[in-house]
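As structure tokens, the structure follows; a few thoughts come after it.
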Protein chains: 4
Amino acid sequence: MALRVAVAGASGYAGGEVLRLLLSHPEVEIGALTGGSNAGARFGSLQPHLLPLADRVLEPTTQDTLAGHDVVFLGLPHGQSAPVAAALGEEVLVVDLGADHRLKAAADWEQFYGSPHAGTWPYGLPELPGHRQALKGARRVAVPGCYPTAVSLAMFPAYAAELAEPETVIVAASGTSGAGKAVKPHLLGSEVMGSMSPYGVGGGHRHTPEMAQNLTPLAGEPVTVSFTPTLAPMPRGILATCSAKAKPGTTAAQLRAAYAQAFAGEPFVHLLPEGQWPHTGSVYGSNAALVQVSLDEHAGRIIAISAIDNLVKGTAGGAVQSMNIALGLPEELGLPLNGVAP
Amino acid sequence: MALRVAVAGASGYAGGEVLRLLLSHPEVEIGALTGGSNAGARFGSLQPHLLPLADRVLEPTTQDTLAGHDVVFLGLPHGQSAPVAAALGEEVLVVDLGADHRLKAAADWEQFYGSPHAGTWPYGLPELPGHRQALKGARRVAVPGCYPTAVSLAMFPAYAAELAEPETVIVAASGTSGAGKAVKPHLLGSEVMGSMSPYGVGGGHRHTPEMAQNLTPLAGEPVTVSFTPTLAPMPRGILATCSAKAKPGTTAAQLRAAYAQAFAGEPFVHLLPEGQWPHTGSVYGSNAALVQVSLDEHAGRIIAISAIDNLVKGTAGGAVQSMNIALGLPEELGLPLNGVAP
Amino acid sequence: MALRVAVAGASGYAGGEVLRLLLSHPEVEIGALTGGSNAGARFGSLQPHLLPLADRVLEPTTQDTLAGHDVVFLGLPHGQSAPVAAALGEEVLVVDLGADHRLKAAADWEQFYGSPHAGTWPYGLPELPGHRQALKGARRVAVPGCYPTAVSLAMFPAYAAELAEPETVIVAASGTSGAGKAVKPHLLGSEVMGSMSPYGVGGGHRHTPEMAQNLTPLAGEPVTVSFTPTLAPMPRGILATCSAKAKPGTTAAQLRAAYAQAFAGEPFVHLLPEGQWPHTGSVYGSNAALVQVSLDEHAGRIIAISAIDNLVKGTAGGAVQSMNIALGLPEELGLPLNGVAP
Amino acid sequence: MALRVAVAGASGYAGGEVLRLLLSHPEVEIGALTGGSNAGARFGSLQPHLLPLADRVLEPTTQDTLAGHDVVFLGLPHGQSAPVAAALGEEVLVVDLGADHRLKAAADWEQFYGSPHAGTWPYGLPELPGHRQALKGARRVAVPGCYPTAVSLAMFPAYAAELAEPETVIVAASGTSGAGKAVKPHLLGSEVMGSMSPYGVGGGHRHTPEMAQNLTPLAGEPVTVSFTPTLAPMPRGILATCSAKAKPGTTAAQLRAAYAQAFAGEPFVHLLPEGQWPHTGSVYGSNAALVQVSLDEHAGRIIAISAIDNLVKGTAGGAVQSMNIALGLPEELGLPLNGVAP
């Protein structure tokens with residue numbers, strides 16, 4: 001019998017992408033589509049690419065509209081997930097696309113988000129050691145941020161193998177959909193096309209503590225993260241260029257072996273053959289993450305680069321993958337592995 | 001038992017897109033991948049977005065490598081399909097992504113392609129009246145050109161309902177993948193980004209006679225086509241803006257009814273609600289065609305606009321849809337209906 | 001002595017582009033920069049590309065701030081130009097970047113803009129026969145719309161030479177800056193990149209009567225305009241693809257001669273050599289218009305295509321060119337002829 | 001009397017951009033335009049955006065065609081500049097857009113370029129301490145690489161003020177024109193649009209030793225450079241994100257003061273106000289460099305980011321600026337300070 005699934009925030013980019021994936025998921029029946037200010041609108045006017053849902057009407061996000069589902073995906077503004085989840089009951093699988101339940105340290109949450117911490121949920125990055133197990137049977141899932149997904153996949157094998165010094169320098173380029181569908185002047189097409197621009201420079205981006213939280217336990221020592229995000233003239237994709245000083249004596253062969261082992265058997269994370277570097281265009285629309293690593297002998301640094309689609313592996317795909325694991329379904333069900341290229 | 005399918009020209013954009021679709025097709029097992037100058041290369045270095053095929057090796061396109069398959073897709077240069085198909089035998093389904101077998105009139109072929117005509121095959125545009133029936137059980141299929149697909153879907157209902165005068169003026173914008181993967185200076189990213197440019201102006205584009213061939217039988221009088229293609233700064237998509245003088249007395253209601261009727265029950269062609277116009281971004285990666293039509297009362301013209309993904313409905317998707325019909329499979333099998341947006 | 005020039009609406013795209021050009025104009029001293037809701041802001045935060053003005057502060061648009069200038073450019077919302085101009089006095093040159101004073105027929109204005117007509121000013125398209133003369137000494141100038149500029153330059157020679165039937169079909173692609181800087185969901189970078197979309201289809205675009213107004217007097221009979229604008233994934237540029245039935249007996253040579261004669265001596269409008277078609281990328285940032293024309297013998301249609309930068313020749317460049325003429329300065333002063341390519 | 005200037009390699013992107021700038025230079029008369037395989041072609045077919053030169057014909061690059069000029073710009077393949085310069089005579093100003101004469105250490109040249117070193121010329125980055133003086137009266141100039149220009153401007157003030165530890169980590173995004181006009185599959189528009197991709201990872205990019213050469217003398221200790229370039233989906237622009245560990249005790253105020261002092265009086269390098277970060281879109285077509293710097297207190301790192309147009313300040317603009325200095329002309333002559341935005 002099909003799972004009945006609701007999506008709150010269905011008119012946004014994250015919610016829309018969850019629906020695109022669920023429409024191909026063989027075990028899912030799509031239930032309520034809810035939203036805020038757009039409630040009452042024909043869904044086809046909001047998400048014209050989702051043809052099978054075009055004649056649906058967006059409902060308001062309320063306890064009533066979300067009731068009666070097996071799974072509820074939440075694409076809500078910060079701070080709203082906890083009360084909605086509480087009202088849904090403990091037996092419903094709630095997958096939070098937002099940030100509310102990602103951070104373990106309340107102090108980090110309060111510093112970066114400026115509101116009281118709502119608690120921590122199982123973290124939807126199954127490739128990170130220990131996390132797949134924690135997701136099995138879970139009824140609450142916090143989907144990782146898009147940048148932490150890309151960065152953690154690129155760097156965790158180096159830390160898990162104790163090959164990297166505990167300071168990581170990251171510069172990541174993201175497509176504009178990562179900034180969401182809210183209209184802001186700097187996100188206008190005229191401003192974005194033909195231009196690269198940094199933002200949140202100097203340690204201020206909210207994804208910074210989430211990266212440190214993911215890498216530190218594997219390193220066995222506190223990992224300092226220097227993270228600079230940039231906005232790239234493309235709708236989708238994250239290219240995360242990460243580096244850290246190699247521990248003394250580290251060899252290229254050790255590094256390669258560590259990455260090969262870390263990703264062995266992973267359905268969605270692929271270590272590319274030597275010499276081939278990841279392009280975000282290769283994972284457009286796909287749940288795959290492509291990773292490559294290299295040792296810069298002259299500078300003594302490990303350079304690890306990953307490419308993901310911020311809306312798929314970085315958000316909606318990671319969410320559906322976590323749903324599959326939580327419910328005991330095959331992990332890859334309904335998830336595209338091939339990118340839409342060129 | 002799975003169908004065994006080969007793709008000749010697997011390193012090109014059309015061949016790659018056929019493979020992307022076939023990888024999601026439940027009845028297909030992918031056989032030989034063949035190519036020309038790239039033969040011998042690791043497939044992952046040529047099409048890095050097709051992860052499940054990354055470790056394959058591209059074989060040369062020969063009678064031997066293509067033998068032993070149930071279906072063979074041909075993405076070959078003009079003039080090469082006929083001999084390859086002949087060697088494969090009559091029981092093998094051959095789906096030609098190229099132009100060789102699209103045109104009925106040898107004179108048109110010779111004028112626009114400058115070589116002897118190789119004969120006509122059943123035409124893979126099932127939505128065009130009469131063609132779905134002709135595809136059933138076929139063992140040879142000529143996949144339509146990308147522009148003729150977009151234009152024919154936009155205009156045929158007006159002609160079938162005898163509402164349009166027999167001169168159509170078309171301006172279409174295409175993404176760059178329509179020009180293929182061969183490297184030419186004007187297709188460099190630096191030249192293409194930030195620029196719109198026309199080409200083949202003045203009746204010279206090879207798709208012109210194919211459009212006339214599709215519309216004339218429905219109009220019951222010879223349809224003249226004035227076609228101007230333009231290159232748009234995007235990888236995929238065709239937006240075809242078509243117009244014709246309305247026959248005297250034509251009303252907007254008649255027009256709308258004609259289109260609604262023409263597309264009723266079609267799985268992939270959608271007439272949008274009044275006031276909503278098609279965007280190519282809505283069909284990115286999808287086999288859908290979005291159509292809208294309007295009567296400009298002042299100018300007395302019918303304006304019909306369609307949006308397709310040139311590589312899917314315009315090439316590979318149309319090809320797989322035709323394969324499904326030819327083999328008696330469900331027409332929609334393995335074909336995405338949702339676009340990858342934003 | 002330098003002309004003192006004010007720009008009202010200096011934080012918008014049109015106003016910013018006027019300033020970019022004026023900063024290179026040897027006879028101009030930039031006076032007040034005024035705006036609406038942004039008044040009080042550091043100019044460098046609004047238009048960071050105009051470095052010499054970065055430390056200026058945007059003033060409110062009032063009678064006082066605009067007083068005391070020789071020339072005032074107005075980039076204001078519809079309906080606001082007339083009172084502002086009246087307050088400035090008759091000896092001040094007022095160049096209106098908006099639509100208020102373009103249309104001659106009050107009925108057209110009222111139908112398309114829905115407000116009372118404010119009267120007609122000399123029209124800033126000097127290349128259109130008769131208009132350069134009318135601009136000399138003028139103290140009020142209505143800058144043409146961007147689409148009418150592109151379309152009129154492409155088609156007027158055919159009508160002036162009586163070679164075209166009086167129905168023109170136009171499909172034009174515009175960069176997103178033509179839609180201005182106001183934030184609207186469909187103008188987000190995520191929506192625009194990778195997508196072509198039509199709008200104002202079916203005769204509803206406000207530039208339609210302006211095109212007819214420009215072509216009809218030259219044709220000597222009423223010209224019907226069927227105009228479909230489309231939004232292209234690029235910040236700047238208009239490619240206007242225009243066609244009309246050729247009058248019986250028209251030859252390609254006649255057509256070419258008519259265009260060569262029409263543009264002879266024009267500093268900014270260039271007829272390309274036969275076989276070369278205009279790209280918008282070639283006029284990026286330039287005041288040039290590139291035009292090509294062809295006779296489609298089969299369809300019996302004249303195809304004329306122009307490329308301009310919508311913000312330069314289509315707005316700010318046409319405005320400065322008109323200012324130069326009105327004030328008796330060399331027409332080309334301060335205006336770039338070379339595009340920024342690639 | 002005007003300077004007579006020749007450009008060798010005039011059909012390439014660097015040569016074309018030099019010509020775009022020279023066409024606005026009041027002291028220059030454009031002499032020979034020469035090229036390789038394109039010799040004999042109408043220049044308007046090669047660089048259609050340079051309208052005043054459209055009817056010129058490209059000449060072959062020979063001693064004869066380049067003779068008789070006051071200044072010769074060389075946009076030639078590696079290794080060809082030295083003999084051409086030798087043949088021109090010592091009194092002619094030769095400005096080399098290529099890499100041949102940038103590096104001081106022959107060993108670096110041989111390691112990264114694999115050919116014998118041709119000697120070092122005065123280095124055309126006048127903002128780097130000591131270099132403006134060395135350019136005065138020079139008759140040979142080596143124009144810096146585009147990445148070293150962006151990186152050196154971003155980082156040299158931190159080293160000159162002894163605030164940064166001698167290891168710099170750089171990730172830079174470049175527009176595709178930086179890769180030149182030679183057709184290569186990975187530079188096709190279809191491949192580039194919508195995708196970010198790294199290249200030359202792990203210390204292999206040829207601009208790496210040039211960066212170290214620029215920073216080391218100011219640091220007073222050898223600076224190690226870890227440089228990862230990425231290709232961004234835009235035609236122009238470099239965004240260089242650079243960081244280094246701050247020396248103990250470094251304060252944000254010290255850092256800001258160092259940058260303010262380093263750029264004081266510079267016509268083209270601008271330190272943005274605090275909180276405003278550089279966008280490449282702001283310097284499109286301009287010779288400006290925008291820089292911002294920040295101290296990440298948590299990570300203890302200095303983050304410095306610069307934006308330039310790779311073809312202007314990064315190549316042709318730097319070349320013309322150096323020509324102006326070498327010849328005793330005003331340094332800013334003929335150089336645009338305003339970007340073409342949006």
Taking C:Pro233, C:Ser294, C:Gly204 one by one, which has the highest count of heavy-atom pairs under 4.5 Å against chain B? C:Pro233
Are C:Ser197 and B:Leu239 side-chain neighbours, meaning at least one heavy-atom pair lies under 4.5 Å? no
Can you find a pair of side-chain heavy atoms, one from C:Thr228 and one from B:Ile305, that are under 4.5 Å apart? yes
Counting heavy-atom pairs under 4.5 Å with chain B, which one of C:Lys245, C:Glu191, C:Gln292, C:His298 comes out on top? C:Lys245
With a 4.5 angstrom heavy-atom cut-off, is it the side chain or the backbone of C:Val225 that approaches chain B, or both, or neither? backbone
Looking at every heavy atom in both B:Ser243 and C:Val169, which two are closest together, and how far apart are they? OG-CG1, 3.7 Å
Smallest heavy-atom separation, B:Ser195 atom then C:Gly281 atom, equals OG-N, 2.7 Å
Hey, is the main chain of C:Ala299 close enough, under 3.5 Å, to the side chain of B:Thr224 for a donor-acceptor pair? no
Evaluate the side-chain proximity of C:Met196 to B:His279: yes if any heavy-atom separation is below 4.5 Å, no if none is. no
Side chain, backbone, both or neither: which part of B:Ser190 has a non-hydrogen atom closer than 4.5 Å to chain C? both
Report the option among C:Thr280, C:Thr241, C:Val192 that has the most heavy-atom pairs separated by less than 4.5 Å from atoms of chain B. C:Thr280
Among C:Val171, C:Val201, C:Ile303, residue most engaged with chain B (heavy-atom pairs, under 4.5 Å): C:Val201
Can you tell me which portion of B:Ala307 sits under 4.5 Å from chain C's heavy atoms? Options are side chain, backbone, both or neither. neither
List the atom of C:Pro278, the atom of B:Pro198, and the distance in Å for their closest heavy-atom pair. O-CD, 3.0 Å
Measuring heavy-atom distances to chain B, does C:Thr208 have an atom under 4.5 Å in its side chain, in its backbone, in both, or in neither? neither
